[in-house]
Number of protein chains: 2
Amino acid sequence: MKDAFSTSSESRMHLLRAAAECFMERGFHATSIDDVARRIRATKGLVYYHFLSKMDLFFEVYRVGMAALTEAVAAARKTEHAGLPAVTAMLEAHALTMFEYHAFEHVVAQGVQLHRFSAMTSVQRMTFDELVASRDRLEQMYRTEVAAAQADGSVSGDTEPSIAVKTILGGIQWSVIWWRPEADQGLEARLVLARQMVRTLIRGLEVRR
Amino acid sequence: MKDAFSTSSESRMHLLRAAAECFMERGFHATSIDDVARRIRATKGLVYYHFLSKMDLFFEVYRVGMAALTEAVAAARKTEHAGLPAVTAMLEAHALTMFEYHAFEHVVAQGVQLHRFSAMTSVQRMTFDELVASRDRLEQMYRTEVAAAQADGSVSGDTEPSIAVKTILGGIQWSVIWWRPEADQGLEARLVLARQMVRTLIRGLEVRR
DNA sequence: GTCTATAGGCTGATAGAC
DNA sequence: GTCTATCAGCCTATAGAC
């Protein structure tokens, strides 16, 4: 998992992981810096040595989560032909990343909602805007492929790509709510689950012959 | 919308709505009791006259949101034959309720995540467990209908009902994240959107002939 | 790099006036 | 029913020791 953290010191990486877990369990505001430090048996001082503020720490966690998602989905996109095959591969990679980076993706989901951070410096505002933009770019990849699939006739044209994408992605993203790491250990079980989810979304509930 | 609030005084009802909006915008922990009171141009004292604590206020908002959802879905269920037709009607009603009770349903979504309220009294713990149970009962309605649809062959049997339901419902529930009341005014526009979402989930992305 | 100590601000909850 | 005043606790962030 090292890759998504790029170049980070040991402590910094451990803090990021601890923060992701705390934010997932209790949410941003209910998590104290002491909670994060305590989780790796350190104290507040260490956190403030590595991060400027609690919000910057949150942003870093978000960035790691989005980076993991973007890389996985972009890579999967290239393995298949444009259109429906690409979308299918993207969704499967997307789901697997949701499981592997569970805590981080939970934070990403929170971040989407938290437009209103009480007080943001202008630097933080810029960072925040970039994170929102990265989320839009991910969705844009999907919209492009769905539009291509509509053009080649493999996806029905009577629903706007943006609506279809939001709906389908919701099915994947919502897994942060109900999926638990304990539930299914091992890559094999995760792959089976991811494929069932993707199949449900691509083929629909209804069976036709 | 009065119905879902059952018997409530005027002030109490306004406070519930204000609380739902605050919790939606800032989240439970970031919302202060003063924020809620200020939104209806009142003060803290009023809130504590009507509700025992901030957490009880949250629980009441959650209860209203879940009640609205349960009633709408249960009613829709009866309008169609068991199995796929029932599921389709349930999803459409579900989506429409997500829009109509947007702020409340946003809080319900938060509530699912907040397992760990720092300090709950035993009474609060019981209330909380009942709210979680009400959520499970809603999902159970869907699982039952999907299983019936698998039995009559209208839904493929190769995905467990619980997985299919969680995936499909995710597509609907996630709309609290991206849908905004300003976006589409009027019942007509909402109905069109709801039907596009449901169609995407029932028929799938892929088109077949 | 990591820790301790502490300042300073905010907020949940209560008491009591009107 | 609604408001004002206030307390007690917690938590972010900083300063400075080691």
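Chain identifiers are assigned alphabetically (A, B, ...) following the order of the sequence lines, protein sequences preceding nucleic acid strands; residue numbering begins at 1 within each chain.
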Q: I need the single residue from B:Leu131, B:Leu138, B:Val132, B:Val107 that forms a side-chain contact (heavy atoms from CB on, under 4.5 Å) with B:Met66. Which is it?
A: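 In the set B:Leu131, B:Leu138, B:Val132, B:Val107, the residue that makes a side-chain contact (heavy atoms from CB on, under 4.5 Å) with B:Met66 is B:Leu138.
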Q: For B:Arg39, is there an ion pair with B:Glu25 - N to carboxylate O distance below 4.0 angstrom?
A: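 Yes.
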Q: Taking side-chain contact (heavy atoms from CB on, under 4.5 Å) as the criterion, tell me which of B:Val198, B:Ile172, B:Val87 meets it with B:Glu92.
A: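 Testing B:Glu92 for a side-chain contact (heavy atoms from CB on, under 4.5 Å) against B:Val198, B:Ile172, B:Val87 leaves exactly one candidate, B:Val198.
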Q: Once you round it to whole Å, what is the distance between P of D:dT2 and OH of B:Tyr49?
A: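 Spelled out: OH on B:Tyr49 to P on D:dT2 is 8 Å.
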Q: Whole angstroms only, please: what is the CG-P distance between A:Leu52 and D:dT12?
A: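 One finds 16 Å between P of D:dT12 and CG of A:Leu52, rounded.
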Q: How close or far is atom P of C:dT2 from atom CG of A:Asp34, stated in whole angstroms?
A: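 About 17 Å, once rounded to whole Å.
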Q: For B:Phe23 and C:dG12, give me the distance from atom CZ to atom C1', rounded to whole Å.
A: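 Between C1' of C:dG12 and CZ of B:Phe23: 12 Å.
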Q: Provide, to the nearest angstrom, the distance between the CZ atom belonging to A:Phe28 and the C1' atom belonging to D:dT12.
A: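 Checked: the CZ to C1' distance equals 10 Å.
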Q: Check every atom of D:dC11, C:dG12, D:dA13 against the side chain of B:Tyr48 and return the nucleotide holding the closest atom.
A: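 Nucleotide nearest to B:Tyr48's side chain: C:dG12.
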Q: Does a nitrogen or oxygen in the side chain of B:His29 sit under 4.0 Å from OP1 or OP2 of C:dT11?
A: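 Checking C:dT11 against B:His29, no side-chain N or O comes under 4.0 Å of OP1 or OP2.
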Q: Of the listed nucleotides (D:dA13, D:dT2, C:dA13), which one gets closest to any side-chain atom of B:Ser11?
A: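 Selected nucleotide: D:dT2.
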Q: Quickly work out the A:Leu57 CG to D:dA13 P distance and round it to whole Å.
A: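 In whole Å, D:dA13 P and A:Leu57 CG are 10 Å from each other.
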Q: Among pairs that include at least one residue of residues 64-97 of chain B, which meet ring-ring contact (aromatic ring centres under 6.0 Å, His included), considering only residues two or more places apart or in two chains?
A: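 Listed once each, the pairs are B:His94-B:Tyr142.
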Q: Which atoms of nucleotides 3-8 of chain D (N or O only) lie under 3.5 Å from a protein N or O atom, and what are those distances?
A:
{"unit_1": "D:dC3", "atom_1": "OP2", "unit_2": "B:Thr43", "atom_2": "N", "d": "3.2"}
{"unit_1": "D:dC3", "atom_1": "OP2", "unit_2": "B:Thr43", "atom_2": "OG1", "d": "3.3"}
{"unit_1": "D:dC3", "atom_1": "O5'", "unit_2": "B:Thr43", "atom_2": "OG1", "d": "3.4"}

Q: For A:Phe58 and D:dA13, give me the distance from atom CZ to atom C1', rounded to whole Å.
A: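 Checked: the CZ to C1' distance equals 19 Å.
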Q: Should A:Glu100 and A:Arg190 count as an ion pair when the cut-off is N to O under 4.0 Å?
A: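 Answer for the salt bridge query: no.
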Q: To the nearest Å, give me how far apart CE (A:Met55) and P (D:dT12) are.
A: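 Whole-Å distance recorded here is 12 Å.
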Q: So if I apply the salt bridge (charged side-chain N to carboxylate O under 4.0 Å, His left out) rule between A:Glu60 and each of A:Lys54, A:Arg17, A:Arg12, which one comes out positive?
A: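 Running salt bridge (charged side-chain N to carboxylate O under 4.0 Å, His left out) over A:Lys54, A:Arg17, A:Arg12 with A:Glu60 returns exactly one hit, A:Arg12.
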Q: Do NZ/NE/NH1/NH2 and the carboxylate oxygens of A:Glu130 and A:Arg137 come within less than 4.0 Å?
A: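 A salt bridge links A:Glu130 with A:Arg137.
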